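Before any comments, here is the structure.
In what follows, residues are counted from 1 in the order of the sequence shown. Worth saying up front: this structure is predicted, and the values here are computed from it rather than measured.
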Amino acid sequence: MQAGAQSGSDILVLVPQGTVLPVIERRGPWFVVEISPKLRTTGTPMRWYKDEKRGFRHESTVETLKYKLDPG
């Protein structure tokens, strides 16, 4: 997971394959995803700057899943 929406951005954490990341928004080919407290223990932290709560993943590195939310 990267700190910004460009390929040269610093890497914040290496995310284990199969990890489900909540998507907050999409910016072109980049997903803004939530960095959960659990990811800080299951991933491999590369660098933490300001206790970031969000990071970026390029669409070429993810498989998107769609969930139907239960309104009730």
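Among I35, V62, L39, the one residue that satisfies the side-chain contact (heavy atoms from CB on, under 4.5 Å) test with L21 is L39.
The side-chain heavy atoms of V23 and R57, taken from C-beta on, include no pair separated by under 4.5 Å.
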What donor-acceptor contacts under 3.5 angstrom involve side-chain atoms of residues 27-34, with partners at least two apart or in another chain?
unit_1 : atom_1 : unit_2 : atom_2 : d
R27    : NE     : E25    : OE1    : 3.3
W30    : NE1    : A5     : O      : 3.4

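Enclosure of atom CZ in R54 is not indicated, since only 12 or fewer non-hydrogen atoms of other residues, nucleotides or ligands lie within 6.0 angstrom.
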